[in-house]
Structure formats: C-alpha cells, structure tokens
Amino acid sequence: MGTDATAPDDGLSQGIVRTYLYMRVAVAAMVLLLFVGLGVQIVHDGGDLRSSMSAYFYSPVQSIFVATLVAAGILAIAIRGRPGPENALLDIAGLLLPIVAAIPTPLKGDEGAACPRREACVPARYLDLVDVTVTSLAIVGLAGLVFAFFTLRARRWGDRFDRWGLAAATALWVLFVPGFWGWWGEGVRGWILDLGHYAAAISAIAAMIAVAFLNARDTGHTFSFARRPLRAAPVYRTIAWALAVVLALGAVIGVVELRRGSADTTPLVFWIEAAVLGLFAIFWTVQTLEYRQSGLPVEAR
C-alpha cells in the first residue's frame with residue numbers, strides 16, 4: 001500500500017490510502033483533544049495547574065483523558081509502520097497507552113486516610129472504576145491476541161519482530177492481567193496499582209523515542225512544508241533527541257521531587273509530560289506529511 005496521490009484509482013486502493021492517512025490524522029486529533037480538554041479545565045480552575053497531566057484523571061477531564069489514550073493506543077496498533085522494530089515499537093506503545101489511561105497516577109494519601117502500602121496510592125473510591133476498565137481492556141486484549149495469532153499464522157509467522165512482538169504481548173497479558181486480578185497475591189496487585197501507571201507511561205514514551213530515531217536513520221525522503229523542501233531525517237533526529245532530553249530531565253525531576261516530598265505540589269511533571277506529548281505530535285504530523293507526499297516506505301506496504 002502506498003500513499004502516492006497520483007496512483008491510479010481502482011475504486012479501492014485510493015480508499016485504503018485515504019483511510020490510512022485519516023487514521024494517522026486521528027492520532028494527532030486525539031492529542032489535540034486532550035490538550036483542549038486540559039486547557040478548558042485549567043481555565044475552569046482559574047489557571048492553576050495540577051502536578052501532572054495524569055493527575056487530571058481526578059477531574060472532569062477524566063473521560064477525555066481515558067478516551068484519547070485508549071483511542072490513540074488502538075490506532076497505534078492498527079497503523080502499520082516499517083516491518084521490524086518500528087512496527088513492533090508502535091504496537092508496544094499501543095498496548096501500553098490504555099494501561100496508562102486505565103490505572104491512574106497515585107495520589108499522596110487516600111483522600112485524608114493513610115495509604116495501605118506506600119505514601120501514594122490510587123484512592124479507594126476509584127478502585128471499582130479501575131477494576132472495570134482494566135478487566136474490559138483485558139478481555140478485548142485477549143481477543144486481539146487471538147486475532148494476531150491467526151493473522152501471523154496466515155502470513156507464515158511474519159518476521160522475527162512480529163513473532164517476538166506477539167510473544168511479548170502475550171507475556172505482558174499473562175503477567176499483568178492475573179497479577180492485577182490478584183491471582184499472584186495482593187502484593188503484586190498492590191505494586192501494579194501503585195507503580196503500573198508510571199511503568200507503562202515511561203515504557204510507552206521510550207518506544208515513541210525509539211520510533212523517531214528509527215525514522216531518522218531509515219528515511220531519505222524530502223517533503224514540502226510552507227512551500228519549502230525539508231529533509232525528513234534531520235527533523236526526526238531533532239525531535240528524537242529533544243524527546244530523549246525531556247524524558248531524562250523528567251526522570252531527574254521526578255527523583256528530586258520524590259526525595260523532597262514535593263511531587264504533588266509543583267507542576268514541573270505537567271510541563272514535562274506536555275512537552276513529550278507535543279513533540280510526539282509534531283513527529284507524527286511530519287511523518288504524515290512525508291507519507292502523504294512521498295508515499296509509504298516500500299518495506300511497509
């Protein structure tokens with residue numbers, strides 16, 4: 001499948017091309033929707049920022065926060081990248097984003113009561129919501145694994161990254177879902193509730209950074225922006241390094257704030273998360289422009 005707009009229209013191929021491009025646009029639209037929702041809530045709060053974007057789960061933005069991350073995750077899995085590590089990394093990010101949405105960031109204290117395990121936890125009154133969301137995602141995810149198994153078998157098991165990706169996704173389901181349900185003990189369930197949001201978010205961001213670096217290495221295309229030709233590779237490289245720097249800075253800030261006990265009192269993590277999301281949206285938009293003008297890479301068709 002290519003994205004060359006001048007290709008002959010056989011009544012189906014151009015529809016597939018447009019659907020592919022619109023799915024890519026939909027990912028950017030999810031990011032925009034999340035930013036708009038956060039902006040509306042910040043205005044409603046009189047300009048005050050919460051400690052992180054994830055903390056807005058506990059606000060009227062909750063439905064937008066969850067919906068956009070789940071939708072972006074599904075789209076990341078559905079959209080095909082280059083065979084090999086790029087496509088596998090998109091699938092990994094797609095699997096992790098719904099977990100980021102479903103398991104909220106812990107809060108300091110359980111709304112006035114002490115947390116059962118650590119200083120921060122998911123408030124008890126939200127646990128039923130988390131249970132229903134995670135269980136629903138787990139059931140659909142299992143159906144997705146079955147679909148992926150038969151799809152790979154029909155394709156003669158694809159390449160090694162396809163096989164490893166399916167194995168990794170299956171292992172994640174087997175370890176995460178029963179652990180969340182408490183089958184491996186309440187200690188494991190507690191660890192997932194307390195730290196699962198952070199683990200999934202950091203891993204998803206790392207996968208996004210890797211995708212940007214892979215594109216910087218593999219693409220040789222030039223695309224037009226504001227009537228000026230731009231080489232895609234340097235743009236991707238700049239975005240990838242900016243993402244890496246922001247992630248590293250966020251890790252340092254997170255450690256410092258945890259040691260100072262100020263993680264819930266300053267908006268530094270909010271700005272780090274906003275920068276990561278904004279940079280990835282720029283990368284995704286540039287890649288969509290590249291594919292729209294130059295066509296999908298031959299190896300990804």
Side-chain angles (χ1 to χ4, degrees), residues 27 30-31 33-35 37-38 49-59 61-62 64-77 88-108 118 120-123 126 129-130 133-134 137-138 141 168-169 172-173 175-177 179-180 190-212 239-240 242-258 263-264 266-281 283-284:
V27 174
M30 292 301 100
V31 176
L33 175 59
L34 179 56
F35 275 131
L38 291 170
L49 296 177
R50 304 196 181 196
S51 59
S52 66
M53 292 178 69
S54 301
Y56 283 89
F57 178 93
Y58 304 102
S59 79
V61 187
Q62 181 189 102
I64 292 177
F65 180 82
V66 173
T68 53
L69 289 180
V70 171
I74 294 172
L75 288 167
I77 294 172
L89 287 166
L90 284 174
D91 289 346
I92 290 171
L95 288 171
L96 292 171
L97 286 175
I99 298 176
V100 176
I103 301 179
T105 185
L107 297 181
K108 196 172 183 178
R118 296 174 178 82
C121 60
V122 177
Y126 288 93
L129 172 64
V130 175
T133 306
V134 172
L137 289 172
L172 176 65
W173 196 99
L175 294 174
F176 170 76
V177 175
F180 178 83
W191 184 91
I192 292 174
L193 285 171
D194 293 345
L195 303 176
H197 177 87
Y198 301 126
I202 293 172
S203 299
I205 293 170
M208 295 173 190
I209 293 172
V211 168
I239 294 172
L243 280 167
V245 169
V246 170
L247 180 59
L249 182 62
V252 172
I253 290 174
V255 171
V256 171
E257 288 198 339
L258 285 173
D264 291 334
T266 66
L268 288 175
V269 174
F270 174 93
W271 290 115
I272 292 293
E273 291 176 330
V276 167
L277 198 57
L279 284 167
F280 183 76
F283 161 76
W284 196 260

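Along the sequence shown, the residues carry numbers beginning at 1.
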Given Ile239 and Phe280, is the side chain to side chain contact (heavy atoms under 4.5 Å, CB included) satisfied, shown in steps? CA-CA 8 Å; Ile239 294 172; Phe280 183 76; over 6 Å; no

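Residues passing the side chain to side chain donor-acceptor pair (under 3.5 Å) test with Glu273, sequence neighbours excluded: Ser54. Applying the ring pair (Phe, Tyr, Trp, His ring centres under 6.0 Å) rule to Phe65 yields no partners; only residues at least two apart in sequence or on another chain are considered. With sequence neighbours excluded, the residues that form a side chain to side chain contact (heavy atoms under 4.5 Å, CB included) with Ala201 are Val100.
Heavy atoms only, all atoms of each residue included: Phe57 and Pro104 are closest at CD2-CB, 3.4 Å. Residues Val246 and Ala275 share a closest heavy-atom pair of CG1-CB, 4.0 Å. When all heavy atoms are compared, the tightest approach of Pro98 to Gly73 is CD-CA, 4.3 Å. In this structure, Ala76 and Asp91 approach most closely via the heavy-atom pair O-OD1, 4.0 Å. Across every non-hydrogen atom of Ala93 and Ala207, the tightest pair is CB-CB, 4.2 Å.
Considering CG of Leu277 and CG of Leu38, their distance stands at 8.5 Å, rounded to 0.5 Å. Atom CD1 of Ile99 is separated from atom CG of Leu137 by 8.5 Å, given to the nearest 0.5 angstrom. Separation of atoms CE (Met53) and CH2 (Trp271) is listed at 10.0 Å; rounding is to 0.5 Å.
Contact check for Ser51 versus Val269: no side-chain heavy atoms found under the 4.5 Å cut-off. By the 4.5 Å heavy-atom criterion applied to side chains, Tyr126 and Leu107 are not counted as neighbours. Between Thr105 and Tyr56 the shortest side-chain heavy-atom distance does not fall below 4.5 Å. Proximity of Leu97 to Met208: side-chain heavy atoms (C-beta onward) are separated by under 4.5 Å at one or more points. Thr68 places none of its side-chain heavy atoms less than 4.5 Å from the side chain of Val31. For the pair Ile103/Phe176, a side-chain contact is recorded, criterion being any heavy-atom separation below 4.5 Å from C-beta on. With a 4.5 Å cut-off on side-chain heavy atoms, Leu243 and Phe283 do not count as touching. Contact annotation: the side chain of Ile272 never approaches that of Leu268 to less than 4.5 Å [non-hydrogen atoms, C-beta and beyond].
A side chain to side chain contact (heavy atoms under 4.5 Å, CB included) with Ile92 is found for one member of Leu90, Leu96, Leu95 and no other, namely Leu96.
More than 12 heavy atoms of other shown residues, nucleotides or ligands fall within 6.0 angstrom of atom CH2 in Trp173.
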